[in-house]
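Written below as structure tokens is the structure these notes are about.
Throughout, numbering of the chain's residues begins at 1 and tracks the sequence.
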Amino acid sequence: MRFELDEQSKRALELMDGETPFVFITGRAGTGKSTLLRHYRDNAPRTVPVLAPTGVAALNVEGETIHRFFRFSPDITAKHARRKGAAARDGMYAAIDRIIIDEISMVRADLLDCVDAFLRAAREDERPFGGVRVIAIGDLFQLPPVVTQHDKEAFTHLYTTPYFFSSNVVSELLDYGQVAFLELEKVHRQKDKKFIELLNGIRDQSISSAALVELNRCVKHGALPEDAIVLTPTNRAADALNERRLVSLLPKARKFKGHASGDFGDREMPTDEELSLKRGARVMCMVNDPAGAYVNGSLGRVAGFEDDGVKVDLDDGTTVRVDMHTWNLYRNRFNERYGRIEAEKIGSFTQIPLRLAWAITIHKSQGKTFDQAVIDLDRGAFAAGQVYVALSRCRSLDGLRLTKPVTPDQIMLDQDIVKFMAELKGDRRTRLDLFGTAESRGRAGASDGYDEPVYVENFE
């Protein structure tokens with residue numbers, strides 16, 4: 001997607017580069033949130049750690065997971081995070097002045113409190129996040145945090161919701177008016193105004209009966225369109241469909257064996273470690289070609305094999321050669337000699353950057369754009385926002401096909417999100433000084449950046 005530095009994007013960049021302790025940049029699907037993130041990071045005067053809640057999300061933005069950056073175990077608690085922070089009082093955590101967290105909708109409240117506890121201890125600074133500014137990017141109306149049945153009972157005793165805004169640290173910042181907010185509004189993915197309005201209705205559960213009838217005209221039975229990708233809720237369903245379609249092709253499969261090294265684990269792999277392909281197989285490109293011949297998400301069919309490469313007939317009518325690609329996994333480290341943070345490679349994975357694409361999960365489709373898509377609702381939707389994510393991957397209503405009608409009960413919306421967003425968009429301004437003025441804090445040796453109270457504004 002081409003980045004357009006319009007007035008709203010400029011305002012977002014100003015907020016991201018400002019001094020408010022917590023910045024929340026949101027927007028509907030296709031409004032360019034990830035593109036804005038990359039633009040900000042690539043033009044920052046110093047390295048800004050970019051973090052994400054999952055390995056796949058981190059790989060998509062060339063960042064690292066929250067757990068890896070803070071050296072958290074899967075069972076981390078705020079108490080243990082504080083201990084880890086106290087033991088990690090090294091140059092790296094002292095050197096950062098801001099971090100970016102992408103896909104903030106999937107970050108649980110308790111994990112954000114662990115980040116807060118760690119940074120306060122590591123930096124010996126009892127301000128929220130130890131004085132580090134947090135830039136959170138994502139759409140709460142898309143995929144939510146995962147709270148397992150095992151965690152659920154204990155979790156509900158500690159937090160009102162699983163979302164990041166229910167964390168103790170963000171609740172505190174909200175109470176004292178130390179959160180800046182901007183919602184990107186210009187949709188780049190879709191151009192059809194009717195389709196955009198329909199998606200908005202799905203997103204905020206305001207869709208009318210007439211609009212739902214219009215959407216359900218996309219229900220069609222019979223054989224699936226040859227070039228349409230199926231978006232389904234489960235990995236099992238996607239893998240089964242891909243395997244079935246691959247077996248139906250007559251040529252013998254060509255197997256490409258990938259190679260992982262270092263700390264590159266299975267969960268971070270963007271495609272199969274052993275990738276089986278045949279002529280005619282439906283595939284998706286998993287990286288951007290440096291020469292611009294294809295992009296991450298381009299669809300096509302395998303046309304043949306050349307040595308260690310694969311020829312692919314793309315849907316746009318071009319034929320490209322796709323060669324082995326290496327994905328690198330990075331960790332931020334502190335360079336003591338130069339007193340700065342640097343990205344250090346800690347693992348890699350080499351494989352043909354293709355994956356079978358007759359079907360993928362709705363979760364893995366996030367961030368992708370398709371000309372034609374079949375939404376598999378036969379298995380239902382098991383998470384709030386999932387129907388919206390699936391529908392919004394498609395460029396137009398004409399390219400959308402449903403396996404069964406969308407029903408009102410499938411358009412799930414968490415009312416806690418509605419309430420939170422309404423509060424952010426409210427017309428209130430607060431001028432409260434959570435951190436103390438420069439004069440009152442000077443004797444305590446507080447660091448720069450929060451010397452003056454910050455106005456909270458609602459930027460729309």
Side-chain angles (χ1 to χ4, degrees), residues 34 38 41 47 49-76 92 102-103 106 146 234-236 238-240 242-243 246 252-278 281-290 294-300 302 305-312 320-333 341-361 363-368:
S34 295
R38 291 187 180 92
R41 179 191 57 195
T47 300
V50 177
L51 313 179
T54 68
V56 172
L59 203 62
N60 285 341
V61 291
E62 299 177 339
E64 64 180 309
T65 65
I66 296 169
H67 281 77
R68 188 184 295 277
F69 181 75
F70 293 106
R71 306 166 194 172
F72 289 164
S73 59
D75 60 348
I76 191 70
M92 183 171 75
D102 195 27
E103 300 292 3
M106 293 191 287
V146 175
T234 67
N235 278 305
R236 182 178 298 178
D239 292 344
N242 283 328
E243 182 63 26
L246 185 68
K252 184 179 178 181
R254 170 82 181 270
K255 295 184 184 295
F256 293 87
K257 207 161 182 62
H259 173 71
S261 65
D263 289 343
F264 210 113
D266 294 345
R267 298 184 70 174
E268 279 105 4
M269 290 181 182
T271 189
D272 297 333
E273 190 166 11
E274 183 173 273
L275 180 64
S276 294
L277 298 175
K278 293 182 179 181
R282 191 75 171 137
V283 290
M284 178 190 295
C285 301
M286 301 306 295
V287 295
N288 294 326
D289 175 45
Y294 54 85
V295 297
N296 187 356
S298 292
L299 292 166
V302 173
F305 305 100
E306 292 181 346
D307 301 324
D308 290 330
V310 181
K311 286 177 64 179
V312 178
V320 298
R321 176 183 162 117
V322 181
D323 290 299
M324 284 283 184
H325 175 83
T326 297
W327 291 266
N328 292 315
L329 201 59
Y330 294 96
R331 176 178 63 196
N332 289 282
R333 62 178 289 272
I341 297 171
E342 296 175 344
E344 174 188 40
K345 188 175 81 170
I346 59 169
S348 64
F349 175 58
T350 301
Q351 179 58 289
I352 292 289
L354 296 171
R355 70 175 301 136
L356 294 175
W358 284 287
I360 61 171
T361 63
H363 190 279
K364 287 175 181 163
S365 75
Q366 199 163 19
K368 302 288 194 297

Partners of H363 by ring pair (Phe, Tyr, Trp, His ring centres under 6.0 Å), sequence neighbours excluded?
none
Under the ring pair (Phe, Tyr, Trp, His ring centres under 6.0 Å) test, residues paired with F69 that sit two or more places apart
Y93
Worked verdict on S34 versus N60 for side chain to side chain contact (heavy atoms under 4.5 Å, CB included)
CA-CA 9 Å; S34 295; N60 285 341; over 6 Å; no
With sequence neighbours excluded, tell me which residues meet ring pair (Phe, Tyr, Trp, His ring centres under 6.0 Å) with F264.
F349
Specify whether W327 and H325 have parallel, tilted or perpendicular ring planes, treating 30° as the upper limit for parallel and 60° as the lower limit for perpendicular.
perpendicular
What one should report as the nearest heavy-atom pair of P53 and M106 is CG-CB, 3.9 Å
For K345, all residues meeting side-chain hydrogen bond (donor to acceptor under 3.5 Å, both in side chains), sequence neighbours excluded:
none
What one should report as the nearest heavy-atom pair of L51 and T65 is CD2-O, 4.4 Å
Compare all side-chain heavy atoms of C285 with those of N296 and state whether any distance is below 4.5 angstrom.
no
Tell me, please, which residues at least two apart from W358 pass ring pair (Phe, Tyr, Trp, His ring centres under 6.0 Å).
none
Go through the steps for L275 and Q351 under the test side chain to side chain contact (heavy atoms under 4.5 Å, CB included), then give the verdict.
CA-CA 8 Å; L275 180 64; Q351 179 58 289; 3.8 Å; yes
Hey, are the side chains of L277 and L356 touching, using non-hydrogen atoms and a 4.5 Å cut-off?
yes
State which residues pass side-chain hydrogen bond (donor to acceptor under 3.5 Å, both in side chains) with E273; sequence neighbours excluded, sorted by chain then number.
none
For K257, side-chain contact (heavy atoms from CB on, under 4.5 Å) partners two or more places apart:
E274
Heavy atoms, side chains only, cut-off 4.5 Å: are K368 and M284 in contact?
yes
What heavy-atom pair brings M269 and A260 nearest, and what distance separates the two atoms?
CE-CB, 3.7 Å
Residue set satisfying side-chain hydrogen bond (donor to acceptor under 3.5 Å, both in side chains) with T326, at least two apart, ordered chain then number -> T350
Residues at least two apart in sequence or cross-chain that pass side-chain contact (heavy atoms from CB on, under 4.5 Å) with K252, listed by chain then number, are none
Residue pair G309 / R321: nearest heavy atoms and the distance that separates them:
N-NH2, 3.7 Å
With a 4.5 Å cut-off on side-chain heavy atoms, are K278 and V302 touching?
no
Run the side chain to side chain contact (heavy atoms under 4.5 Å, CB included) check on V310 and R254 step by step: do they pass?
CA-CA 10 Å; V310 181; R254 170 82 181 270; over 6 Å; no
Quick check: do I76 and F70 have side-chain heavy atoms less than 4.5 Å from each other?
no
D307 meets the side-chain hydrogen bond (donor to acceptor under 3.5 Å, both in side chains) criterion, sequence neighbours left out, with none
Listed partners of K364 passing salt bridge (Lys or Arg N to Asp or Glu O under 4.0 Å), at least two apart
none
Do P353 and T271 come close enough that some side-chain heavy atom pair is under 4.5 Å?
no
Summary of salt bridge (charged side-chain N to carboxylate O under 4.0 Å, His left out) pairs that have at least one residue in residues 56-76, sequence neighbours excluded
R41-E62, R68-D263, R68-E268, R71-D90
